[in-house]
Amino acid sequence: MRAALLQMTSSDDPAENLDTVRRMMGDAVAKGAGFILTPEVTNCLSTSRSHQKAVLCHEEDDPTLAALREEAAKHGVWLLIGSLGVKTHDADGRFANRQFLISPDGAVTARYDKIHMFDVEVTPEETYRESDGYRPGTRAVVADTPFARIGMTICYDVRFPHLHRALAKGGAQILTAPAAFSHVTGAAHWHALLQARAIETGCYVLAPAQTGTHKASRGATRRTYGHSLIVAPWGEILADAGTDPGIVCVDLDMGKVAQARKRVPALTHDREFDGP
(Lines give C-alpha, C1' and ligand atoms only; values in the text may rest on other atoms or scores of the structure.)
Protein backbone atom coordinates (compact mmCIF):
# COMPACT_ATOMS: atom_id res chain seq x y z
CA MET A 1 0.00 0.00 0.00
CA ARG A 2 1.34 3.42 -0.97
CA ALA A 3 0.58 6.06 1.67
CA ALA A 4 0.57 9.77 0.87
CA LEU A 5 0.74 12.52 3.48
CA LEU A 6 -0.75 15.89 2.52
CA GLN A 7 1.13 18.79 4.13
CA MET A 8 -1.08 21.88 4.20
CA THR A 9 -1.27 25.48 5.37
CA SER A 10 -4.95 25.55 6.27
CA SER A 11 -6.67 28.90 6.75
CA ASP A 12 -9.78 29.61 8.80
CA ASP A 13 -11.96 29.24 5.67
CA PRO A 14 -13.32 25.66 5.36
CA ALA A 15 -14.33 26.07 1.70
CA GLU A 16 -10.83 27.24 0.73
CA ASN A 17 -9.25 24.36 2.61
CA LEU A 18 -11.59 21.85 0.97
CA ASP A 19 -10.51 23.03 -2.47
CA THR A 20 -6.88 22.49 -1.46
CA VAL A 21 -7.51 18.96 -0.19
CA ARG A 22 -9.41 17.99 -3.32
CA ARG A 23 -6.56 19.16 -5.55
CA MET A 24 -3.93 17.47 -3.42
CA MET A 25 -5.89 14.21 -3.32
CA GLY A 26 -5.91 14.15 -7.10
CA ASP A 27 -2.15 14.71 -7.13
CA ALA A 28 -1.62 11.92 -4.59
CA VAL A 29 -3.71 9.49 -6.62
CA ALA A 30 -1.63 10.36 -9.68
CA LYS A 31 1.44 9.35 -7.63
CA GLY A 32 -0.13 5.93 -7.00
CA ALA A 33 -1.38 6.45 -3.45
CA GLY A 34 -4.10 4.16 -2.14
CA PHE A 35 -4.08 5.59 1.40
CA ILE A 36 -4.16 9.38 1.75
CA LEU A 37 -3.82 11.27 5.04
CA THR A 38 -4.52 14.93 5.84
CA PRO A 39 -3.35 16.99 8.85
CA GLU A 40 -5.09 17.97 12.07
CA VAL A 41 -7.88 20.59 11.73
CA THR A 42 -7.95 20.16 7.97
CA ASN A 43 -11.14 22.21 7.69
CA CYS A 44 -10.33 25.26 9.83
CA LEU A 45 -7.23 26.40 11.68
CA SER A 46 -8.32 29.34 13.81
CA THR A 47 -7.50 30.95 17.16
CA SER A 48 -10.93 32.63 17.33
CA ARG A 49 -13.65 30.69 19.15
CA SER A 50 -16.31 33.04 17.80
CA HIS A 51 -15.15 32.38 14.23
CA GLN A 52 -15.13 28.65 14.86
CA LYS A 53 -18.71 28.84 16.13
CA ALA A 54 -19.68 30.68 12.96
CA VAL A 55 -18.09 28.28 10.45
CA LEU A 56 -17.94 24.83 12.08
CA CYS A 57 -20.80 22.34 11.77
CA HIS A 58 -22.08 19.22 13.45
CA GLU A 59 -20.69 16.05 11.90
CA GLU A 60 -23.96 15.16 10.20
CA ASP A 61 -24.06 18.59 8.49
CA ASP A 62 -20.37 19.12 7.80
CA PRO A 63 -19.76 19.96 4.13
CA THR A 64 -16.04 19.12 4.28
CA LEU A 65 -16.73 15.62 5.56
CA ALA A 66 -19.45 15.02 2.97
CA ALA A 67 -17.26 16.28 0.11
CA LEU A 68 -14.20 14.28 1.16
CA ARG A 69 -16.27 11.12 1.45
CA GLU A 70 -17.29 11.73 -2.16
CA GLU A 71 -13.66 12.31 -3.17
CA ALA A 72 -12.52 9.06 -1.55
CA ALA A 73 -15.24 7.17 -3.44
CA LYS A 74 -14.45 8.94 -6.72
CA HIS A 75 -10.78 7.97 -6.50
CA GLY A 76 -11.37 4.58 -4.83
CA VAL A 77 -8.89 5.27 -2.02
CA TRP A 78 -8.69 5.01 1.75
CA LEU A 79 -8.70 8.48 3.30
CA LEU A 80 -7.66 9.42 6.81
CA ILE A 81 -8.97 12.92 7.56
CA GLY A 82 -6.44 13.90 10.23
CA SER A 83 -9.14 15.82 12.03
CA LEU A 84 -12.02 18.20 11.53
CA GLY A 85 -13.24 20.66 14.09
CA VAL A 86 -16.91 19.77 14.54
CA LYS A 87 -19.66 21.03 16.78
CA THR A 88 -21.06 18.70 19.43
CA HIS A 89 -24.39 18.60 21.24
CA ASP A 90 -22.68 19.09 24.62
CA ALA A 91 -24.30 21.63 26.91
CA ASP A 92 -21.06 23.58 27.31
CA GLY A 93 -20.86 24.18 23.55
CA ARG A 94 -17.34 22.82 23.11
CA PHE A 95 -16.24 21.30 19.80
CA ALA A 96 -14.69 17.91 19.08
CA ASN A 97 -11.32 17.50 17.37
CA ARG A 98 -12.37 14.42 15.39
CA GLN A 99 -10.45 12.12 13.06
CA PHE A 100 -12.24 10.11 10.35
CA LEU A 101 -11.21 7.01 8.42
CA ILE A 102 -13.04 6.82 5.08
CA SER A 103 -13.18 3.64 2.97
CA PRO A 104 -12.91 3.55 -0.86
CA ASP A 105 -16.70 3.46 -1.11
CA GLY A 106 -16.97 6.72 0.85
CA ALA A 107 -18.19 5.24 4.14
CA VAL A 108 -16.98 6.44 7.53
CA THR A 109 -15.45 3.29 8.98
CA ALA A 110 -13.94 4.78 12.17
CA ARG A 111 -13.81 8.04 14.07
CA TYR A 112 -11.62 9.18 16.96
CA ASP A 113 -11.88 12.25 19.20
CA LYS A 114 -8.54 13.65 20.39
CA ILE A 115 -8.02 12.60 24.01
CA HIS A 116 -5.21 14.86 25.22
CA MET A 117 -5.79 18.60 25.15
CA PHE A 118 -2.94 21.03 24.39
CA ASP A 119 -3.15 23.28 27.47
CA VAL A 120 0.37 24.73 27.70
CA GLU A 121 2.41 27.89 27.98
CA VAL A 122 5.23 27.30 25.50
CA THR A 123 6.45 30.87 25.98
CA PRO A 124 4.76 33.92 27.53
CA GLU A 125 3.80 34.91 23.96
CA GLU A 126 2.66 31.44 22.87
CA THR A 127 -0.04 29.97 25.12
CA TYR A 128 -2.69 27.41 24.22
CA ARG A 129 -5.86 26.32 26.03
CA GLU A 130 -7.33 23.73 23.70
CA SER A 131 -9.72 22.49 26.36
CA ASP A 132 -11.45 25.89 26.44
CA GLY A 133 -12.87 25.21 22.98
CA TYR A 134 -12.62 21.42 22.56
CA ARG A 135 -13.82 18.65 24.82
CA PRO A 136 -11.48 15.66 25.14
CA GLY A 137 -12.34 12.25 23.79
CA THR A 138 -12.49 9.24 26.10
CA ARG A 139 -11.91 6.21 23.85
CA ALA A 140 -8.87 4.79 22.07
CA VAL A 141 -9.61 3.46 18.58
CA VAL A 142 -8.03 0.77 16.40
CA ALA A 143 -9.60 0.50 12.93
CA ASP A 144 -9.49 -2.44 10.55
CA THR A 145 -8.59 -2.13 6.85
CA PRO A 146 -7.61 -4.81 4.33
CA PHE A 147 -3.98 -3.65 4.41
CA ALA A 148 -3.38 -2.98 8.13
CA ARG A 149 -4.90 -2.24 11.52
CA ILE A 150 -4.70 1.48 12.27
CA GLY A 151 -4.36 3.11 15.68
CA MET A 152 -5.73 6.65 15.62
CA THR A 153 -4.12 9.56 17.50
CA ILE A 154 -3.89 13.33 17.02
CA CYS A 155 -1.03 15.79 17.63
CA TYR A 156 -0.51 16.30 21.43
CA ASP A 157 -1.41 12.62 21.94
CA VAL A 158 2.13 11.87 20.71
CA ARG A 159 3.50 12.85 24.14
CA PHE A 160 1.59 10.04 25.88
CA PRO A 161 3.36 6.73 25.12
CA HIS A 162 0.89 4.62 27.11
CA LEU A 163 -1.83 5.45 24.57
CA HIS A 164 0.32 4.25 21.67
CA ARG A 165 1.36 1.13 23.54
CA ALA A 166 -2.29 0.32 24.22
CA LEU A 167 -3.09 0.78 20.51
CA ALA A 168 -0.22 -1.49 19.48
CA LYS A 169 -1.19 -4.14 22.03
CA GLY A 170 -4.72 -3.82 20.66
CA GLY A 171 -3.45 -4.85 17.23
CA ALA A 172 -2.40 -1.59 15.55
CA GLN A 173 0.33 -1.86 12.90
CA ILE A 174 0.10 1.78 11.79
CA LEU A 175 -0.24 4.74 14.14
CA THR A 176 -1.61 7.99 12.72
CA ALA A 177 -0.37 11.26 14.23
CA PRO A 178 -1.80 14.16 12.20
CA ALA A 179 -0.79 17.47 13.73
CA ALA A 180 -0.78 21.23 13.78
CA PHE A 181 2.40 21.29 15.88
CA SER A 182 3.79 24.50 17.34
CA HIS A 183 6.88 25.65 15.46
CA VAL A 184 8.68 26.04 18.82
CA THR A 185 7.93 22.60 20.26
CA GLY A 186 8.19 21.06 16.81
CA ALA A 187 11.77 22.16 16.37
CA ALA A 188 12.62 20.75 19.81
CA HIS A 189 10.64 17.51 19.95
CA TRP A 190 8.68 16.49 16.81
CA HIS A 191 11.14 14.08 15.18
CA ALA A 192 12.24 12.50 18.46
CA LEU A 193 8.70 11.90 19.69
CA LEU A 194 7.50 10.28 16.48
CA GLN A 195 10.57 8.07 16.21
CA ALA A 196 10.16 7.02 19.83
CA ARG A 197 6.52 6.03 19.32
CA ALA A 198 7.51 3.93 16.30
CA ILE A 199 10.40 2.24 18.09
CA GLU A 200 8.43 1.50 21.26
CA THR A 201 5.55 -0.12 19.38
CA GLY A 202 7.11 -1.54 16.22
CA CYS A 203 4.50 0.38 14.21
CA TYR A 204 4.66 2.61 11.18
CA VAL A 205 3.93 6.19 12.27
CA LEU A 206 2.23 8.41 9.69
CA ALA A 207 2.19 12.07 10.69
CA PRO A 208 0.74 14.56 8.17
CA ALA A 209 1.22 18.10 9.43
CA GLN A 210 0.16 21.67 9.05
CA THR A 211 2.97 24.04 8.06
CA GLY A 212 3.85 27.72 7.87
CA THR A 213 1.89 30.84 8.78
CA HIS A 214 -1.88 30.41 8.70
CA LYS A 215 -3.92 33.38 7.57
CA ALA A 216 -6.97 34.30 9.60
CA SER A 217 -9.92 36.59 8.98
CA ARG A 218 -10.43 36.79 12.74
CA GLY A 219 -8.09 36.12 15.64
CA ALA A 220 -4.32 35.91 15.68
CA THR A 221 -2.26 34.25 12.98
CA ARG A 222 -0.54 31.03 13.92
CA ARG A 223 2.65 29.28 12.87
CA THR A 224 3.08 25.52 12.63
CA TYR A 225 6.16 23.36 12.20
CA GLY A 226 5.48 21.20 9.15
CA HIS A 227 7.87 18.26 8.59
CA SER A 228 5.19 15.65 7.90
CA LEU A 229 6.92 12.36 8.68
CA ILE A 230 6.64 8.71 7.80
CA VAL A 231 8.59 6.63 10.33
CA ALA A 232 9.32 2.93 9.90
CA PRO A 233 8.72 0.35 12.67
CA TRP A 234 12.48 0.21 13.34
CA GLY A 235 12.59 3.98 13.78
CA GLU A 236 14.03 5.15 10.44
CA ILE A 237 12.55 8.31 8.96
CA LEU A 238 11.37 7.25 5.50
CA ALA A 239 10.01 10.65 4.41
CA ASP A 240 10.17 14.23 5.71
CA ALA A 241 8.13 16.88 3.89
CA GLY A 242 10.18 19.83 5.14
CA THR A 243 8.35 23.14 5.57
CA ASP A 244 6.58 23.73 2.23
CA PRO A 245 3.06 22.50 1.47
CA GLY A 246 3.16 19.33 -0.59
CA ILE A 247 2.92 15.55 -0.67
CA VAL A 248 5.24 12.76 0.45
CA CYS A 249 4.63 9.10 -0.42
CA VAL A 250 6.03 5.80 0.85
CA ASP A 251 5.16 2.18 0.08
CA LEU A 252 4.24 0.46 3.36
CA ASP A 253 5.31 -3.14 4.02
CA MET A 254 3.56 -4.73 6.99
CA GLY A 255 6.25 -7.38 7.03
CA LYS A 256 8.50 -4.68 8.51
CA VAL A 257 6.15 -4.47 11.50
CA ALA A 258 6.45 -8.19 12.20
CA GLN A 259 10.21 -8.03 11.67
CA ALA A 260 10.74 -5.16 14.12
CA ARG A 261 8.60 -6.84 16.78
CA LYS A 262 10.41 -10.13 16.37
CA ARG A 263 13.80 -8.46 16.77
CA VAL A 264 12.72 -6.60 19.94
CA PRO A 265 9.46 -8.10 21.31
CA ALA A 266 8.99 -5.37 23.92
CA LEU A 267 5.20 -5.45 23.60
CA THR A 268 5.23 -8.90 25.21
CA HIS A 269 7.61 -7.99 28.05
CA ASP A 270 5.36 -5.90 30.34
CA ARG A 271 5.82 -6.57 34.03
CA GLU A 272 3.87 -5.40 37.06
CA PHE A 273 5.77 -3.18 39.48
CA ASP A 274 5.17 -1.27 42.67
CA GLY A 275 4.69 2.46 42.53
CA PRO A 276 7.38 4.95 43.56
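FYI, side chains are in, hydrogens and waters are out, and symmetry mates aren't considered; it's all heavy atoms of this structure. Each residue takes its place number in the sequence, starting with 1.
- For the pair Lys215 and Glu16, the salt-bridge criterion is met [side-chain N within less than 4.0 Å of a carboxylate O].
- A heavy-atom distance below 4.5 Å is not found between the side chains of Thr64 and Val21.
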Side chain to side chain contact (heavy atoms under 4.5 Å, CB included) evaluation trace for Met152 with Leu80: CA-CA 9 Å; Met152 303 168 76; Leu80 190 288; 4.2 Å; yes
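- Counting only N and O atoms by type, the side chains of Asp105 and Ser103 include a donor and acceptor under 3.5 Å apart.
- Between His227 and His191, the ring planes are perpendicular. Angles over 60° get that label, and only those under 30° would be called parallel.
- In this structure the side chain of Leu45 never reaches within 4.5 angstrom of the side chain of Asn17, judged on heavy atoms.
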Pair Leu206-Leu5, side chain to side chain contact (heavy atoms under 4.5 Å, CB included): steps then yes or no: CA-CA 8 Å; Leu206 307 183; Leu5 309 188; 4.1 Å; yes
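- There is a path of hydrophobic side-chain contacts, each under 4.5 Å, that joins Phe35 to Ile154.
- A chain of hydrophobic side-chain contacts below 4.5 Å, direct or via other Ile, Leu, Val, Met, Phe, Trp or Tyr residues, connects Val257 to Met1.
- Cluster annotation: Tyr225 and Ile247 are assigned to distinct hydrophobic clusters (Ile/Leu/Val/Met/Phe/Trp/Tyr, side-chain heavy-atom contacts under 4.5 Å, transitive).
- Using bins of under 30°, 30° to 60° and over 60° for the plane-to-plane angle, the ring pair Phe160/His116 lands in the parallel bin.
- Applying ring-ring contact (aromatic ring centres under 6.0 Å, His included) to Phe118 and the options Tyr156, Phe181, Tyr134 leaves one that passes, Tyr156.
- Residue Arg94 qualifies as enclosed at atom CZ: its count of foreign heavy atoms under 6.0 Å is above 12.
- Taking CE of Met8 as the start and NE2 of His214 as the end, the distance is 9.5 Å to the nearest 0.5 Å.
- Contact check for Lys262 versus Gln259: no side-chain heavy atoms found under the 4.5 Å cut-off.
- Other residues, nucleotides and ligands contribute over 12 non-hydrogen atoms within 6.0 Å of the NZ atom of Lys169.
- When side chains are defined from C-beta on, Ile102 counts as touching Leu65, because their heavy atoms get closer than 4.5 Å.
- Residues Arg223 and His183 bring a donor and an acceptor atom of their side chains to less than 3.5 Å of each other.
- Each of Asp144, Ile174, Val142, Val141 was scored for a side-chain contact (heavy atoms from CB on, under 4.5 Å) with Ile150, with one residue passing: Ile174.
- Considering only heavy atoms from C-beta on, Leu238 stays 4.5 Å or farther from Lys256 through its side chain.
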Chi angles and distances behind the side chain to side chain contact (heavy atoms under 4.5 Å, CB included) call for Leu252, Val250: CA-CA 6 Å; Leu252 306 179; Val250 165; 4.3 Å; yes
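- Between the OG1 atom in Thr153 and the CZ atom in Arg159 there is a gap of 13.0 Å [rounded to 0.5 Å].
- With no hydrogens or angles considered, a side-chain donor-acceptor pair links Ser10 and Gln210 at under 3.5 Å.
- Contact annotation: the side chain of Arg98 approaches that of Glu59 to within less than 4.5 Å [non-hydrogen atoms, C-beta and beyond].
- For the side-chain hydrogen bond (donor to acceptor under 3.5 Å, both in side chains) with Arg135, the qualifying choice from Asp92, Asp113, Asn97 is Asp113, the only one to do so.
- You'll find the side chain of Lys114 stays beyond 4.5 Å of the side chain of Ser83, heavy atoms only.
- You'll find the side chain of Asp12 reaches within 4.5 Å of the side chain of Cys44, heavy atoms only.
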Steps toward side chain to side chain contact (heavy atoms under 4.5 Å, CB included) verdict (Leu6, Asp27): CA-CA 10 Å; Leu6 310 188; Asp27 293 344; over 6 Å; no
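- Between the CH2 atom in Trp190 and the OG atom in Ser228 there is a gap of 7.0 Å [rounded to 0.5 Å].
- Residues Leu84 and Leu18 fall within the same hydrophobic cluster, defined by Ile, Leu, Val, Met, Phe, Trp and Tyr side chains chained together at heavy-atom separations under 4.5 Å.
- Judged by distance alone, the side chain of Glu40 and the main-chain N or O of Cys155 form no donor-acceptor pair under 3.5 Å.
- If you chain together hydrophobic residues whose side chains sit under 4.5 Å apart, Ile199 and Leu267 never meet in one group.
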